[in-house]
Each structure stands twice: as structure tokens, then as C-alpha cells.
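Small disclaimer: the values here were computed from a predicted structure and weren't measured.
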Amino acid sequence: MIYKGKQKIWSDYQKEIPDDHWFYVRSCIRQSFFPGSERYFLGICRDMLGKDIHETEHHTTCGGIAYHSDTIPQETAMTIVARQFALMTEAGYKNLVASCITSFGNYTETLETWREFPELEARIRENLWKACRREFEKPEYVAHASDLVYKFRGEIAERAKYHLVDKETGEPLRIVEHIGCHYSKMFPHKGVGGAEYPCVLSGMAEAWGGKVIDYPERRHCCGFGFRQYLVQANRGYSVSNTHKKFESMEPYHPDVIITNCPGCPYFLDRWQYVIAEQTGKTYGRNGFGIPVLTYEELAGLVLGIDPWDLGLQIHQVAVEPLLDKIGIEYDPAKKYLGLNEKEIMKPGLPHVLRCC
Amino acid sequence: MKKNKNNANQHVAIIGGGIAGLEAARALLGLGYRPVIIEKSDRTGGHVADWHRLFPDMSPAKDIVERLRRETEGARTLLQTEIYAAGRLGNDYTLTLSDGNTLRAGAVLFSTGFDLFEAAKKEEYGYGIYDQVMTNADLERWFNGGGDKRLDGKEIRRIGFVHCVGSRDVKAGNAQCSKVCCITAIKQAIEMKEKFPDAEIWCFYMDLRLFGKKYEDFYIGAQRDYGIHFIRGRVSEVSENIEGRVIVKAEDTLAGKPVKVSLDVLVLMSGMVCNRQVHGLACQLSLGVDEDGFLKSRDNIASITESDNRGIFYAGAVTGPKTVPETLAEARSAALSIHAYLSAQ
Amino acid sequence: MIERIPGAFHPFVLPFVIGMVFVLAWCLAGMLRILFELPREDRRKFFVSLITPRILWKDIKDIFLNCLIHVRLWKRNKVLGYMHSSIAFGWFMLILLGHVEVFLFLPHRVRFLYYPIFFNFFVAEADATIQGEVLMFLMDLFLLLILSGIVIAIIKRFRSRIVGMRRTTRANALDTVGLYALWAIFPLRLLAETFTAHISGGSFLTEPAGQLFHRFISNDMHILPTWWAYSIALGIFMVVLPFTRYMHIPTEMLLIPMRNAGIRIRSARKGFARLEYFSCPGCGVCIDACPMSVRKENLKDCTVYLNRQLRRKNEPRIEEISDKCLLCGKCTAVCQVGVEGPELRMALRGERKYALTPDYGRIETSALSAPLAERKAKVLYYAGCMSQLTPSIRKATAAVLDRAGIDWQPMDPDGRLCCGRPLLTAGRTDAARELMAKNREIILASGCDTLLLTCPICYRVFLEDYDLPGIRVVHHSVFFQELLRDGKLTPKNTPVEPRFVYHDPCELGRGCGIYEPPRETLDALGTLLEAPKNRQESICCGGSLGSLSLSFEKRKDITLGALGNLTAARPDTIVTACPLCLNTFARYADRPVKDLAQVVLENTTD
Amino acid sequence: MMEFGFSLSPSSAVDLDKVDTSRFDRLVEMEPQARICIGCGSCSATCTAEPYSGMSVRKVLLGLQRGRDAEVDRMLAACMLCGKCTMVCPRGINTRHLILSLCRISGKGKEGKA
């Protein structure tokens, strides 16, 4: 690996990210899968960095899942997107930041399509007007939430309580970064670092003390693939895909996987359980899996937020070995206590994958 | 053609001291002209001077370059010289040179050649990122005795060649076929097999374009005598495994299956792309530039060495990818065209 | 007539007696072995043939004409014919007349094996009677005949071209011993008889020679050494005989009745096959005949060398030779003893063991035959694989059939199954049978009464190996000739008659014996020219499927050789009746090559 | 083992690192021409057995180099040795003999007993 070569590519694909005043659109699924992530993203941006980030309860799905599952046509998806833009315009914002990679891809794709086919944009404006009497201005800037965290990675590092190093040896943690496919594979210039060697997550990991692993199947999809998972008969493909990635990263003994997409962490996390059940194989040490975190969760850990407040107990793969390695303090007894120490139910334990 | 006494007064400016420029200079000297070779680098011979052996006879590239240098000793050669400005003055052209001089010439020959595609631009192939990825030019340099840590002292058991790197690729901005890479890949594969007899070699190709004399023999020989594997399919991505070997993924389109293979070294066949540096000069002299960035000939059949402008001529890869013999033939042809043009004045 | 030696014995006869007993025992054992190796039904067939007067007469006739007179060789090469028949017939007559002498004069000595051979030693004044005089005369005459043959043989040995052979086999050490022994026998006999001529009497050769010798050497001390030498020469010849090419002499005498009994090669090494490869005289006629011999490297791949290697059990060479052969059958056509080179090779190929067995189970014949059965034409035209590659033949055949108003339909309009002959020639007999069974089902279900073939390869297998009751299997060369003869096709009047030369395809000519019908057709449609080598002697085009291992490049010279033969008479058009020949010739020919079907179409009118 | 209603499917990709080409290597020893196939597909297009089996000499040669031995054997078993492929091969490969040679060596380079 020639690190300099990557740095050169990274320098070719830097994008300007506005400093402040963002209109935030949440993800459909992340709030239930990773309940702490979006909350702490807003927390970090607003409370720690003092940024202006606005969100509205009128925001709906961007239509991305339905679009990529072939259940709605592109025009419909674009009209939904147009409505989000209208909400942003109404709120007086020009910078859109999406929590979800698919949304980010969907917004980018819509804007790029309109740029190529202005007549389509006119039609969508008409559709939106007919449907809900709204008008919109196109955002001046569309970012993914991870772009912002990447931008502020230095500030976070300055305030870090923990670093991504093995507290025993002082060695940097080995980190697998997994970028959602729709982040930059469609439009390489829209992603930090391009499509082949994106640095949006690796930049964070390195800024916070970790070491990124470049394993052969790094570019591969997590396995979600929309139809691959959503059509039950195809789930074998989905899990096979994920399995391929794990087999490829296994020799590097990663400590943690970080992701910036709603689907990826979910599948990389849950499929470890399924693979363990199906093949008897686990990829972490001592029968554990490899913890899979969102970048917000990782930022939260680095900043010293309590793991259980971040919602890490919701993950299938136990995060305790990672916490121990970094030396993060946590109370095992509180793992299954929710907000305000309210009992949330304890899950049953899997047969193969070690979870505690 | 007979030597004209008046020729002695006639300057011909040759822009670019590669083999096209040298061969044209040699021919013009023979016809009694005073060619001036303007070369931006510190030596003549161009790309061929960096090459080791030339297909199809495996003759040393050095031989032809040295012969041309020897035979053009009578021509004025300005090294490390660039042209700042060019313009027409009466029937002549004046070139303002970087050394502060001005050159007045009856005719100008563009033998500005090509650039090798920058392999790093094909990010997915990992040139400059993964340790064991190199280019055809790197390999020739190594054949010429320049050390290379990708090969020296390494146990090389598996070698890959990727054809069409940066050529026939609209995404890389070059739709044209670079013409010589197929045969070069086969030549280099054979040379590598000779250096590493135990190595297995795979060539990943889109089409094999082996049009030239003896090229097909090379291909059959590579298959039959050297056991080189040819996989029809373009490499999609390259990565590195924990041992530092290169993992190559492609589709074997003949088998209809994706294939992957780990290699000790991967050679990228960087294609010939247009020399963009010449565009400024072309603009000043209002010369046509083709869509592929190469200069536009008056027509591509009967007068490939002539431009639309009187007194400006082309030879070699300035108008498109060419082989060495084609380039030399064009250089001689251009010299004759120049002679005909100047004689008619 | 006086018996000169009391007890009728002298030790010098021992070498001969030992040799004779040895060779007789050897041959007897060999014969029993071959009989034992034959399948039971073949053995029965053989014994029955021996008591069937018609076959028995044929056996005697064939043995006489072929083994003694060498009729076939006479037809081929008169010098060689004379050489062989002079030695074989002359020697036979010497033996026969020797016995006649003994019978006539000393009948009680008949039981001595050696007596007729050394008669002149044991008797005195044998020419005293008129019978004796005549017999002596005949003996000298035949000895002279043999000696003349031996002279030719010696010339042939050192200058084979003088006797009209370009190439001949190189003899091995034992063959050479046998050869020199054979050469020595008759001059020694002449010497021996010459030296005893004043005692036993002689005739026009021995007597004057005897008198001549007596002028120089007058005592009789040299009589015995010459008789010893004669006996030793005979003894040596007979002892080495089983290990030399001369083994063909006794073997052929068994081969002829067995062939006449209808026995064929069933196994590559045993029984009849063994008889064939031991019958090979090693003459090398097949070397010149073999089309592969145009390449020097293939000179040792013809049948004579196969037989030699089979006798030596040199397995790698046996495999190489048997795989390379084009199976054109020309070696058999020219062979003096009729060794079936192609059949021997096919049997050898059949010996191969394969790890993979063909399986045609997935082919549903009902689906293939249903449309044919529905249409139910009288003539079913099966183009076969090779005609699929030569659409000109298929189209011309279809047009000719339509022109003649034939009720026909194609069996394989879109390419169907292979006929099975290529599998047979490759020795994969079981697979061929499986495929043939499928074709048979289709043909029987089609309701046709005639199966028309344009490919001789297919034709041969349908003719020889298929059981198609009530269906006539016919090649288009025959069928079209009949159409012309019956007036269903009318020759076109052309101002200038096209000049044709006809190439006999191996499988059609030597394979199926069809030589004349295509010639009659061409003769009716234009001027028929003959190539120097034609009919039985036709040269394979080189494209034959028979060869398994001959590579494409190496076939070229064969094709050029065959083309040279065909174009010698300067025809306008080379005509053949085989798609494979057409395809092969067309590749290199300098003038049009056409199939008979095309020629018939172009030169007849509606 | 828990039943999920779906399972890991093996990768369809050919891993050239793991493919056992010993049978092809053995074939090359017997038939050096096996290497010079250019994959033009003439053999497949003309094949008499193709409609019943998908037989293709091109695929056979490629299959051996991609570890698809079972498929190769299935195709080989359908061959009728008619020789059309040999006639059309532009590289002059004696495909018919090549098939016979291949039939002699089974699965993992073992030879049929002579």
C-alpha cells in the first residue's frame, strides 16, 4: 500500500462543505436501528459545535427504498424529493444534509438528472404543485451527515475523551470503514475522496487515532441490495455477499467496522449472527463478532458519551470487547436499561455468536 | 528526387525529436535541406528511446534510436527548447523559442508524438496505490536495466497484464484504440515468461487487435509456446490482500463468469493519448484538432502527413496512435511532401 | 536308377531335417493357436467352409494363384510378379517334382522327409530312363527359373527403383539372414547337383556345368561340402522363418481359406487379425500406395510397419500408426495378401480405454421423427454432418430431386444426429451403436422406402452396419445415374462439353465398390477424363475423418498430391461425390471442384 | 443449525487461485494445440451434438481452465465425433483428437486404464 498515492486521490476529491445552517432530513430506519445516532449527531452539531441545524416533523421518507425496490417510478420518487426541497425552502434553508445514504444518493441523483433534463424538473414542479400546492428551490448544497462529521473531525478529536487505540499496547485500532454504495459510487465527485478510495470515514478513523484496513473486498456492497434482502427468496444472495466481505477482512483481525449508511451497519451486524448460526463461524476474538458502529456512535464514544446512551446495546454483535480495548468505562448492569434507567427487555442469546 | 542546390538555404523546423522527427530530419538532410530539430527534453529519441525491444523482430529500440541520432548529426538539434510562439511571415513561419532565439523556416513539421496515459487516473487499477501495480513503460525501464522494487529480488509466480488502460475508454476521455498495446502486452508477456519461466501469466483484454505483420504469430506463440492465458474481459477492480499481492477481478466474458486471481505483479498497458502540450501551438497556427485531441490531417487517406495550412506537415503519432514502422514511413513521406512543397515555391 | 547311398541317410541332411521339423511344428502350433483364438462361431464357419466344395475349390484356386503364381502382383508389377512367381512356383515345382521322382523310382523312400529334396545325392543314373530324363530336364528348368528370380531379387535389394518400386522396407537382422539363406539355397543346389551330375545324372543345366567344373577340379571331394552347404542354407532359412517376414508364406495359406470362409477381424490382436499381420510379406507396396507417404516423416506409418510393430508388440508405435491412418483403404487395395489395414486399425482404436463414456440418452428420437412421419415421403434424404457444411451439395441435391419429380423430404434439415461412422472409425463402437439405434428409429418411423445419402461416410455405415428392412440405402451417385438412365433427368445440350475428372472418394470407391455409376453420369453430361490413379488406386483427398491424429497442416501435402493426380488430364472441373473431399479439395484446388449433385443440376434441363 | 429459509450461496466467481487445472495441463501435454484456442465459437456453432447437450469445444477448453470439470464431462459425453468442429476451426486445432484425448483422462488427471 502506498499511502501517498491515496492522499493524492483524496486531494483530488475534496468537496467544499458549508460551515453552518443546515436543513436536516432524517432516515426512515436509522431511528429504530440505531436510536442514538441521529440524536447525538444533532447533539454534537448543535450543542458541541454550536451549529444551526433545522429539522421538521413534516419530513417523510425520500422514497429511496421504494425506488430502489422498483415499487415506484422515478417520477414519483422525484416528486417526493421535491417535497422535501419545498420543506427546506419553506424553512428558509439552502443546505440540505441527509442522514441516510440512500436519501443522499436519491437527492443527488434527482438534482443531476434535472441538470441533464431540465424539462423533467419542470414536470416535477408541476406534479408537486398539483399534488400539494408546494413550490421549492433546489438546495445550493447537498451533503451527507458523515460529510459534516468528517469536516468537524478535527474539532471532535480536540475534545476526545478516548482515542481509537488499544489502551494496553498503545497500538491504533484496526478499523474497517464501509461506505454506503449510494454515497459516491454513482457520482464520485459528490463524495469525499471519490468512489474508489473514499476518505469520509477513514478520515474520521485516522483523526481519532485508528488505522484503516484496506482489504480486498472493501468496495463490495454490504449485501442489503434492496431487492436482494427485501424479497425473501433472494436473502441467500444478501447474506452470501456479506459473508464474502467478512471472509475477506478476517485475516486483518479488525477491531471495529464503521459505516455511514442505514442498511450497511444493520446487515453487517445482523448477518454476523446468521452466518454464525449457519456456518458456526464468528469473526471477532473469542467467539465474539466484529462490532459494527455508525460514525455518529463512534464519534459519541470518542467524545465519552455512555455507550448505553448511544444505543449500542441494540446491536446484535456485542460491543464490550471494543469498549474494553479502548478502555471506555461502562456499567454492564445498565446495558439493558433504557432512557431514565427504564428496563428494556433483555434479548435471548444466540447459540453460536458470543454476545456477553 | 534530385537534390536542389537552393535547398541549402531552406530551413525546416521539426518540432519534436522523437523517431518521427529524427527520421524526417534524416530524409531532409539527404534532400539537401537544413532541418532544425526542436526538442523539449534533454535528449532525442522520444518514447522509443525508453523502450527496450521492439516487436515483431524483438530488435533493440536502442539500435534504431542510435542510428537515427548518428544519421542526423548534420541537423541542428535544440534540446530543452520549447516554442513560445509561432506565426506566419510571408511564405515562411517564425517560431519564438524558449532560448530567446527566433527561427525562421520554410516549412514546419509537427512530430510531437503522443503522451502515455497516466495510469493513476484509472483509480480502480490502483497504480501508485498498490505496491505491485506497474505500467508497460515501467516494465520497459526495468528491461533496460533500471531497477524496480516491484520485481527485483521478488519471487514472481503470477503476472497479469491489463490491456486498454486509458484507451478505448470514454470514461477516461480516450475513445480511440491505442493500437500497439495488444501486441506490446503480448511481447512483454513473452519477455516476462522468459525472465520468470515458472510464472503463470494472464492477459486481460477487451478485443485483441493484432493487425500487423507477424502479430498473429506472436499471439499464437504466446499461447502455444509460452502458455500465456488470455481472458476476454476488462479488469473491473484491483485490490491488495494481506500478503501484499494484487487481487484482480474481471469477468471472463467467454465463460460468462466473474473471475478473480491474485498476482505478484500487475502490468497496466497505458495507452497512447494525445499530446495536449501541442494544442497551444496548434491554436496559434489555427491547426485543426480532432475529437480525440490528436491533430487533424488534411484527410486521413491521401494526405495524412499534411495539415490544412500550407507549409505545415505532420509525422507520426501527432495525428493518432502509430506503430514504429508507420511512424518512420510517415516521417519519410512528410519529408518528401515538404520537399515537393518547398520546390514549388 | 540306382540307390547310391545305402540306408538312404547321410548326416548332411540333418540341418534341413531339423529346420523342417521346427518350422512345421511352429506352424502347426501357430495354426492351433489362431483357431483357438477365433470366436466359436467363426471357428465353426471355418470348419464348415473346408467341407463345402465350392469354398474349398476357391481356397485351392486362390492359394495356387496368389501364393504360387502371384497373379495380383503380376497385375501390378510384371517384374516383381515374375520374380515372386519364379521363386515360389519354381520352388514348389522342385519340391513337387522331387516327390514325383521318389514316388516314381523309390516309392519306399517317400517317408523320408529329406529324400525328395536331396534326391540327386542319393541316387545314380537317374536320367537313365526317359521319365528320369524328362524329370531331370524339368528340375533344371525350374531351378533356372528360380535362379532368374533370385537375380532379380538381388537387383531389387540394391536398386529397388529398377524393378519399379520407389520405396521398400528396410530388412531387420533376421530378415537379412533369412534373405541371404534364401538367396544361397538355389545357387548351392545348382552347385551340389552340378558336382553330382556325373553320378546322378542331370540335364541341360547341371550336366554341362558338371563337365565344365570337372575340367578344373576332378576329384569328388567337394561334392559333400556343397550338399552340406545346401542343407545348412535350407536349415537356416527354415529356423529363422518364423521370425522373419517369410512367415507370410505359411500364414497366407491359412489366411486365404479363413477369409474365404467369411471370417473378419473382431479383435485387434487375436485370431484373424493375428493371421493378417503375420501374413504381411513386408514387401512395402503399401508404402508407395499410402497417401501419407508424400511426407517423409510418415513413411513408417503405413500398414507394413503397423504389421511389423504388431509382431514386435511396440505399443507406442502401434497407437501412433493406428491413430494417424486416414483409413482410405488403398493399402488393402494394393496388398498382395489382402491385409486390411483400416480394419486392423479400427480394431486397435477400439482397444483404447476411456474414462468417459458417451451418453446420448438426452436425445429424444420421437421428437425428431414426428415431423418426418407426418410428411411421409418415399425418399428420405439424409445429408449428414459433412453435407451440413457444404450447403451447395444439399441445395443441388434438393433441386435435382425436385427436377426429377421425386417424392422426397430431408431427414436433417437443421442438422440432426451423426450417422455413427466417425465413432466407428474412432473405435468407439458402443457409442456408435447407441447413435445408430437412434437414427434407425427415426428412419423406420419416417415411413420412407429409400434412404438417400450424399455423403459416402454415411452411406457406408448405413449400408454395412444398419439393419433397415425394406428400405433401400442409396448414394446419390447411383440414384442420379438411375434418374438419367430412366429419363427422369435430361442432359442439357451444351456447345462445348465440359471436361470432368472424377475423384473416387475412399469410402464410396474402395469402401463400397461404387466406381462406375458416377462415371456413367459424367460421361452422359460431358467429357469424362481419367486421372492416372483412379478407381481402386484413387488417392485420398487428405481430409478423411479416418485419421484421428493427423494435423491440419500435415494434411495439406496429401491434398496437393491428390490434386496433382486429378489435374494431370487437364479437366475443367474436378468432380467428386463426397462433401469431405469437396471441402478439402476446394481449399487448395486451382480449378472448380464440384459435387456430382451440382454437376447433375447444372447439366440437366427441366 | 437454525433454519432461516435461505442459506449462503457459493460464489459464482471463478477463483483462479483455487482452480485445479491439472486436467488441462495433462491435456496440453497430450494436445499442445489445446492452448491456441481463440474462443471464436465456430466449433460450438457447427456442433452436431450442441442442440441436445450444449456441447462446445470452446466451452470444454475454457471449462477445464476454470475448474468446471463436471460440466466439461457432461458436454464431452454428448460428442458424436462427427468432426465438423475440426473442419471449421480457424486455428487448425484437431478438436476431434483433442476430445478423444480428454475422454481418456478423467476428472482429476487420472488416465483410463489401457
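For the pair B:V259/D:V19, no side-chain contact is recorded, criterion being any heavy-atom separation below 4.5 Å from C-beta on.
Interface remark: of the candidates B:L263, B:D252, B:D225, B:D252 forms the most heavy-atom pairs closer than 4.5 Å to chain D. Top candidate by heavy-atom pairs under 4.5 Å with chain B, chosen from D:I38, D:D15, D:V28, D:D17, is D:D17.
Heavy atoms of D:Q33 lying under 4.5 Å from chain B are absent altogether. Using a 4.5 Å cut-off between heavy atoms, D:L62 contacts chain B through its side chain alone, with no backbone atom that close. For B:R232, no part lies under 4.5 angstrom from a heavy atom of chain D.
Contact check on B:R150 versus B:D264 returns no salt bridge, with no Lys/Arg side-chain nitrogen under 4.0 Å from an Asp/Glu carboxylate oxygen.
Between B:F204 and B:F161, the ring center distance fails the sub-6.0 Å criterion.
With hydrogens and angles ignored, the 3.5 Å screen pairs no side-chain donor or acceptor of B:D57 with any backbone N or O of B:S59. Not a single donor-acceptor pair under 3.5 Å links the side chain of B:S178 to the backbone N or O of B:S167.
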